[in-house]
Amino acid sequence: MSTPVVYDPKGFTFPDPQRRVLQWSMFIAIIAMFAGVAHGLAQALSYAGINILQYFPGLSSYYQGLTVHGVAQALVLTFAFSNGFLPLVTARALSRPLNMALLHGTFWFLLVGFLLAGYALLTNQASVLYTSYAPLQAHPTYYLGLSLVVVSTWLASANMFVTLRGWRKEHPGERIPLLAYIAVLSYAMWDLASIPIAVSFLGFLLPWSLGWLQHVDPLLNRVLFWFTGHAIVYAWLLPAYVSWYALIPRQVGGKLVSDPLTRAVFILFLLLSIPTGFHHQYTDPGIATSMKAFHALLTFGVFYPSLATAFSVTASLEMGGRARGGRGLLGWIRKLPWGDPSVATQLLAMLTFVLGGATGLVNASFTVNQVVHNTAWIPGHFHMTVGSAVLLTIIGVSYWAVPYLTGKRLWAPKLAVAGSWMYAIGLLIFARGLISGGLQGMPRRTFIAEATYSASGWKLAGALAGIGGTIMTIGMLIFFLIMIMTFLVGKRDGAPRDIPISESLTPPSQNGWDSTMDRIGVWVIVAVVLILLAYGPFFLSYTPNMVSPGFKLF
Amino acid sequence: MRVHTYEKAFLIVGAALLVVFMIALTYTSVAMGIHLPGKVAMVDPAALATTPPFDQPGVRQTGDNTYEAVVVGQAWQFLPGEIRVPAGAEVTFILTSRDVIHGFHVERTRINIMMIPGQIGKTTYTFKTPGEYLIICHEYCGAGHHFMFGKVIVE
Ligand code: HEM
Ligand SMILES: [Cu+2]
Ligand SMILES: [Cu+2]
């Protein structure tokens, strides 16, 4: 007996009102991206020793701009995108509309959160950087706003769960369609992961900034931040993986390799993304090294599903390339649809991500971390992960999703391809600079252009960061131009009518171990057990040291 | 679950590689004695002036060839700003912060530790080569963060 496990080939037409909300969710993502990028250029040039802050009217300091950059890019862009994208693909995979109230709730919570945090940021009352480390103290609207952004992700997640439950009632005993499964699991992981930061913000930092609480414990809030903070990078990355696994194969004319293995990969992410946060705190006092070692071990574990992804995604690309007439060991690469902006952009995302993953393994490497921690190496690394794999995938997805949602054909697709190449090439130069600078001690989060110290090797490193960053900025401006022009003058014909959903080479089976993978609740419980093992010993042996009043040193 | 042969091979080689990396890391910390900062003790940042050893920041000789450097981080300087030790000496840094979080990174070394208010940090390093080493505050600590540095002078 076969069931439409992959997707419903009849197609599915989204109700227009839902389409509009999802479209605006994508636009908020793009607006956040724009807000963040402007100061990105100033940061890159600062590393090159050039100070352009006088051209930013109303900006009080480098650090105010850097906080905007981090919050807009890492917190608003990523979640605004995922809040739209994941429910969209879930609904399509199940051929069911979403819950309208939850859809509106998701949108408004995110927007109001963005505006509240934005108010504090733009008035220089929250220049604490996106990590919000106490005892630097921001204005209450900053903590409140970011908390609302987190709540919006919970609402998006609830929407997917409600839609899935409705589908399951009507399809008893059937396997969950893969695309819906991996989308739901991505946010299920994040639901668990986001609890600690909500506790930190709502339980400590917000009351403290309101004056209801006199003192907080800086280490405790750091631990809570990174409890969420490693998993957050997977909350950014998994939506990109959803596209690479389930959509890209179709876009290049191939197939997804294995349905069960793909599910297994997402289960591993659910289990291992969260109990790894101490790898951001290897150099922190106050945490036992044995606990750090345990988190290091699990971090190597969570690298594993990404390795599996590398194989699987490359294999489906190869299938596509060969189907398009590619021959020989590598000849299929040339045959991939490099002229399709959505595909080309995401291929570049994957290529740059190889270096992001490799440098990430270095960061994870326990003792080796002491060489790179908090140096310019780190932004070198993560612009090749969130700043490339995630960003370029968001852009690549936008190149079909914005036309799909607005019904308008993409404007200037050739220019779009060129823009993505510029961003990727600029990124490699930029990251090469920051990485070498970091190895020579150059600090991150520092206004190098005005710093009162310097060391050998920083000049070249900084210059590369400046040059690369400028090229990246041009690439980004091209993307904004294309989005604006598509919205304003895009032709009302030739926009995609459906989401590109792939078929699998190895389909899911109806029985045996395979189908237990669909019992999401069971996997969530296993994840919770692992989290308790990884964080329990710390919290059980830790007495909070509530000694810090707020400091506003900005 | 059916897994393709190539995929199986890739996954096995990948797993083996990760295991090799982990063995190498275990070797660096167990056999080569490279350690991460760990749990030491707590402290009240408001009472540093009366809490030894932070009431007297500075460098002290503690043995034949061992030194102790007590450093307090505060916006936007290290106290003391300059640490002098002879080449080959083993130096134990004992650190904390008086206000917000600061960083303590000595360039060209693996001394890299956070200064967190309320926590005492400790790390040990042997400076073999004479010279001047920058101490960089590598955690954002407010508007003057990029003015915050110090020096280790190895003679
Ligand atoms: C034109 C493109 C971009 C340029 C030139 C740029 C440049 C930079 C530079 C130089 C830094 C380091 C600043 C410092 O540590 O002092 C930085 C930090 C950062 N960037 Fe970007 N960036 C760009 C795009 C992005 C994108 C697309 C993302 C994420 C999607 C991103 C996320 C971040 C984050 C999270 C930080 C860390 C902020 C912090 O340390 O608090 N950036 N960026
Ligand atoms: Cu991490
Ligand atoms: Cu600092």
Side-chain angles (χ1 to χ4, degrees), chain A residues 61 63 66 129 133 135-136 217-219 222 257-258 260-261 264 281-289 292 296-297 300 303-304 307-308 311-312 315 361 365-371 373-375 440-441 443-448 450-453 455 506 513-514 543 545 547-548 551 553-554, chain B residues 1-4 6-7 10-11 14-15 18 21-22 24-25 28-29 32 34-40 42-46 75-76 95-97 99-101 103 105-108 110-122 134 136-147 149:
Chain A
S61 75
Y63 303 106
L66 183 56
L129 303 191
Y133 291 146
L136 283 171
D217 178 342
L219 180 65
R222 252 171 101 83
V257 176
S258 163
L261 215 56
Q281 298 183 284
Y282 284 145
T283 67
D284 277 20
I287 301 169
T289 45
K292 294 177 183 177
L297 180 74
F300 275 75
F303 190 75
Y304 200 60
L307 268 183
F311 182 93
S312 187
L361 209 52
S365 292
F366 205 54
T367 44
V368 182
N369 178 270
Q370 294 177 105
V371 179
H373 176 76
N374 264 9
T375 68
Q440 295 168 99
R444 72 181 282 203
R445 305 187 135 179
T446 302
F447 191 18
I448 291 290
E450 301 287 316
T452 41
Y453 54 86
T506 307
W513 190 84
D514 232 71
T543 352
N545 193 21
V547 286
S548 289
F551 291 86
L553 304 173
F554 40 80
Chain B
M1 196 190 327
R2 226 182 70 220
V3 182
H4 193 279
Y6 287 160
E7 186 156 23
F10 180 88
L11 290 177
L18 288 180
F21 289 166
M22 273 186 296
L25 288 177
T28 62
S29 54
M32 294 167 68
I34 301 174
H35 295 296
L36 288 176
K39 208 166 173 162
V40 180
M42 291 184 183
V43 63
D44 180 358
W76 290 292
L95 319 152
T96 195
S97 161
D99 40 43
V100 297
I101 298 178
H105 178 41
V106 182
E107 54 149 353
R108 289 175 285 142
R110 61 175 159 73
I111 303 171
N112 191 332
I113 178 167
M114 304 313 294
M115 300 171 119
I116 301 179
Q119 301 291 332
I120 299 178
K122 203 167 172 177
L134 264 180
I136 300 166
C137 173
H138 64 7
E139 184 55 84
Y140 168 61
C141 54
H145 164 58
H146 48 286
F147 306 138
F149 71 102

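Just so it is clear: chains get the letters A, B, ... in the order the sequence lines come, proteins before strands, and each one is counted from 1.
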Smallest heavy-atom separation, A:T289 atom then B:G38 atom, equals CG2-CA, 3.9 Å
Honestly, the part of B:L134 sitting under 4.5 Å from a heavy atom of chain A is side chain
Cut-off 4.5 Å, heavy atoms of chain A, and the answer for B:I120 is backbone
Answer key: most heavy-atom pairs under 4.5 Å with chain B among A:L219, A:V371, A:T375 is A:L219
Counting heavy-atom pairs under 4.5 Å with chain B, the top scorer among A:F311, A:F554, A:F551 is A:F311
Honestly, the part of B:A75 sitting under 4.5 Å from a heavy atom of chain A is side chain
Bottom line for B:F10: the part with an atom under 4.5 Å from chain A's heavy atoms is side chain
Exercise. Can any side-chain N or O of A:Y304 pair as donor or acceptor with the backbone N or O of B:G14 at less than 3.5 Å?
Worked result: no
Tightest non-hydrogen contact, residues B:Q119 and A:G286, listed as OE1-CA, 3.4 Å
So, the part of B:L11 with a heavy atom under 4.5 Å from chain A: the answer is both
Checked A:A451, A:A315, A:S61, A:A308 vs chain B; the most non-hydrogen pairs under 4.5 Å come from A:A451
When every non-hydrogen atom of B:H146 is compared with those of A:Y63, the smallest separation belongs to ND1-OH, 2.8 Å
Whatever's closer than 4.5 Å to a heavy atom in chain A on B:R110 counts as both
Ranking A:F303, A:Y133, A:Y282, A:Y453 by heavy-atom pairs under 4.5 Å to chain B gives rank one to A:Y453
Okay, A:S548 and chain B: the region with an atom under 4.5 Å from a heavy atom over there is side chain
So, the part of A:L361 with a heavy atom under 4.5 Å from chain B: the answer is side chain
| query | Is there a side-chain contact between B:H105 and A:T283, using heavy atoms and a 4.5 Å cut-off? | reply | no
Turns out that what part of A:L307 lies under 4.5 Å from chain B's heavy atoms comes down to both
Closest non-hydrogen contact found for A:Q370 with B:N112 is O-ND2, 2.9 Å
Scan side-chain atoms only and decide if A:T446 and B:H145 contain a donor-acceptor pair under the 3.5 Å cut-off. yes
#### Entry: Side-chain heavy atoms of A:L136 within contact of B:Y140, under 4.5 Å
yes
Under 4.5 Å to a heavy atom of chain A? For B:A15 that would be both
Checking A:N374 against B:E139 for the side-chain hydrogen bond (donor to acceptor under 3.5 Å, both in side chains) test, could you report, in this order, the C-alpha distance in whole Å, the side-chain angles of both residues, the deciding distance, and whether it holds? CA-CA 7 Å; A:N374 264 9; B:E139 184 55 84; 3.1 Å; yes
Chain B shares the most heavy-atom pairs under 4.5 Å, among A:R222, A:K292, A:R444, with A:R222
Quiz item: Taking A:N545 for the side chain and B:V43 for the main chain, is one N or O donor matched with an acceptor at less than 3.5 Å?
Solution: yes
Less than 4.5 Å apart, any side-chain heavy atom of A:V547 and any of B:P117? no
- Query: Tell me, do B:H138 and A:H373 make a side-chain contact under 4.5 Å, heavy atoms counted?
  - Reply: yes
